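Right, one structure below, let's go through it.
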Amino acid sequence: PGVIDVATLFFHSNAARHSSFTARSITILLSEVTNNVSSSAPAAARPHVNDARDAATLYADIPGVIDVATPSVDQTTTAPFSEIQAGAPSEAGNVTIALSTEEDTADWSTVTLRLCYAPISQVDRKWRSTKDNVQGNTQCKQPGLKKIATIPWESGTNTLEYTFQPSQNVAEAIYFIEALVQNANETYVAKGFSGEKAFFQGIGWEAVDAGLITAAAVLSALSWASLGIYFIKDYLFTKKPTSMSGSPSFGLTTSSKTLA
């Protein structure tokens with residue numbers, strides 16, 4: 001009976017351990033399956049904590065209107081356009097942006113100004129395409145300039161002016177200005193574009209100026225002159241090797257012997 005009791009106890013102990021292991025394995029397996037199913041479900045079926053924050057803001061959902069003008073350039077949307085030199089620390093590189101509105105600006109906090117490609121500079125350039133949402137609109141995103149500036153809008157005022165100087169990172173293209181107003185909660189409340197009135201042409205910054213070109217030309221001429229002088233000196237003043245008078249002769253000689 002003692003042996004039977006020990007064997008029974010051993011059997012039940014192993015069975016319990018096995019069942020515990022099996023239950024734990026099944027739990028883990030079900031958890032993995034559940035995660036896989038939830039990750040493969042459509043995005044609309046999965047909850048997202050920051051849906052409201054991450055959702056793209058559509059231009060059509062921005063209620064207010066702001067008038068955007070660029071009075072410092074020619075008021076035309078057809079060529080020729082006013083040329084603005086990028087990277088020029090002078091008035092030749094300045095664009096004056098004038099903003100005005102008839103909206104109630106009591107809750108206005110900031111206005112973001114962006115440089116946008118005109119339609120003529122979007123042709124055959126898919127990376128400059130127009131999108132219907134603010135965050136994804138690559139028409140108004142420059143590789144080296146995501147925005148011109150975000151400046152405060154004083155509550156209760158209806159006009160604002162800002163002077164913009166394109167940096168040397170701005171690509172050569174035809175542009176207009178976009179303005180997006182936000183309140184204290186960073187919600188977009190007004191929008192406007194200067195492209196309805198005027199475009200301007202941004203001239204790319206040339207890193208090679210006239211002084212550098214002149215220096216390169218002078219150094220290039222000096223290098224060729226130095227090379228020519230070296231060859232002349234080598235030809236005129238280098239002593240040519242001469243044959244040695246005591247050099248051995250390898251010609252065959254014959255001798256005759258007189259037989260006695």
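Just so it is clear, the structure is predicted and the values come from calculations on it, not from any experiment.
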(message) Using modelled atom types and a 3.5 Å cut-off, is there a donor and acceptor pairing between side-chain atoms of Thr138 and backbone atoms of Ser129?
(response) yes
(message) What's the separation between atom CZ in Phe176 and atom CG in Leu115, rounded to the nearest 0.5 Å?
(response) 9.0 Å
(request) Identify, with sequence neighbours excluded, every residue that meets side-chain hydrogen bond (donor to acceptor under 3.5 Å, both in side chains) alongside Asp74. (result) Ser82
(request) Only counting residues at least two apart or in another chain, list the ones meeting side-chain hydrogen bond (donor to acceptor under 3.5 Å, both in side chains) with Thr78. (result) Thr76
(request) List in chain and number order the residues that pass side-chain contact (heavy atoms from CB on, under 4.5 Å) with Asp104, two or more places apart in sequence or in another chain; answer none if no residue qualifies. (result) Ala106
(message) Test: disulfide (SG to SG under 2.5 Å). Region: residues 67-130. Which pairs qualify, not counting sequence neighbours?
(response) Cys116-Cys140
(message) Count I, L, V, M, F, W, Y as connected when their side-chain heavy atoms are under 4.5 Å apart, and connections chain through other members. Are Phe231 and Trp224 then in the same cluster?
(response) yes
(request) Using a 4.5 Å cut-off on heavy atoms from C-beta on, say whether the side chain of Thr112 contacts that of Thr150. (result) yes
(message) Using modelled atom types and a 3.5 Å cut-off, is there a donor and acceptor pairing between side-chain atoms of Gln168 and backbone atoms of Ala86?
(response) no
(message) Taking disulfide (SG to SG under 2.5 Å) as the cut-off, I'd like each qualifying pair that reaches into residues 59-107, sequence neighbours left out, listed once.
(response) none
(request) Look at the side chain of Asn183 and the backbone N and O of Val189, then say whether any donor-acceptor pair between them is shorter than 3.5 Å. (result) no
(request) Applying side-chain contact (heavy atoms from CB on, under 4.5 Å), name anything that partners Trp127, two or more places apart in sequence or on another chain. (result) Arg125
(message) Taking side-chain hydrogen bond (donor to acceptor under 3.5 Å, both in side chains) as the definition, give me every residue that meets it alongside Tyr117, ordered by chain and number, with sequence neighbours left out.
(response) Gln142
(request) Take atom CD of Glu161 as the centre, draw a 6.0 Å sphere, and report whether it contains more than 12 heavy atoms from other residues, nucleotides or ligands. (result) yes
(request) Would you confirm whether Asn158, through its side chain, and Thr101, through its main-chain N or O, come within 3.5 Å as a donor-acceptor pair? (result) yes
(request) For Arg128, enumerate each residue passing the salt bridge (Lys or Arg N to Asp or Glu O under 4.0 Å) test, keeping only those at least two apart in sequence or located in another chain. (result) none
(request) Search all heavy atoms of Pro166 against all heavy atoms of Val170 and return the closest pair with its distance. (result) CB-CG2, 4.1 Å
(message) Using side-chain heavy atoms (C-beta onward) and a distance below 4.5 Å, is Val134 in contact with Leu180?
(response) yes
Side-chain donor-acceptor distances from residues 190-200 under 3.5 Å, at least two apart:
unit_1 : atom_1 : unit_2 : atom_2 : d
Lys191 : NZ     : Tyr59  : O      : 3.3
Lys191 : NZ     : Ile62  : O      : 2.9
Ser194 : OG     : Ile177 : N      : 2.7
Ser194 : OG     : Ile177 : O      : 3.4
Lys197 : NZ     : Asp67  : OD1    : 2.9
Lys197 : NZ     : Val68  : O      : 3.1

(request) Report the C-alpha separation of Ile97 and Ile148 in whole Å, then their side-chain angles, then the decisive distance to 0.1 Å, and conclude whether the side-chain contact (heavy atoms from CB on, under 4.5 Å) test is met. (result) CA-CA 11 Å; Ile97 304 172; Ile148 296 173; 4.3 Å; yes
(message) Could you check whether any side-chain heavy atom of Val73 comes within less than 4.5 Å of a side-chain heavy atom of Gln201, counting everything from C-beta outward?
(response) no
(message) According to side-chain hydrogen bond (donor to acceptor under 3.5 Å, both in side chains), who are the partners of Ser100, at least two apart in sequence or on a separate chain?
(response) none
(message) Taking Ser109's backbone N and O only, do any of them form a donor-acceptor pair with Gln182's side chain (distance below 3.5 Å, no angle check)?
(response) no
(message) Just verifying a value: how many Å separate Thr57 OG1 and Asp132 CG, rounded to the nearest 0.5 Å?
(response) 11.0 Å
(message) Could you go through Glu178 and Asn137, starting from their C-alpha distance and side-chain angles, then the distance that decides it, and tell me whether this counts as side-chain contact (heavy atoms from CB on, under 4.5 Å)?
(response) CA-CA 11 Å; Glu178 175 190 77; Asn137 188 14; 4.3 Å; yes
(message) Is any side-chain heavy atom of Arg114 closer than 4.5 Å to one of Lys141?
(response) yes
(request) Verify the cluster assignment for Val181 and Tyr162: are they in a single hydrophobic cluster under the rule of side-chain heavy atoms below 4.5 Å apart? (result) yes
(message) Side chains of Thr70 and Thr96, heavy atoms from C-beta outward: is any pair under 4.5 Å?
(response) no
(request) Kindly give the heavy-atom pair with the smallest separation between Leu113 and Ala179, and that separation in Å. (result) CD2-CB, 3.8 Å
(request) Please tell me if the side chains of Thr130 and Gln122 come closer than 4.5 Å, counting only heavy atoms from C-beta onward. (result) yes
(message) Would you say that more than 12 heavy atoms from the other residues, nucleotides or ligands in this model lie under 6.0 Å from the CD1 of Ile151, or not?
(response) yes
(request) Find out whether Leu99 and Val111 are in side-chain contact, i.e. whether some heavy atom of one side chain is under 4.5 Å from a heavy atom of the other. (result) yes
(request) Would you list the pairs meeting disulfide (SG to SG under 2.5 Å) in which at least one residue belongs to residues 67-114, sequence neighbours left out? (result) none
(message) Using side-chain heavy atoms (C-beta onward) and a distance below 4.5 Å, is Tyr188 in contact with Asp61?
(response) no
(request) Could you list all the ring pair (Phe, Tyr, Trp, His ring centres under 6.0 Å) pairs where at least one residue sits in residues 63-114, not counting sequence neighbours? (result) Trp108-Trp153
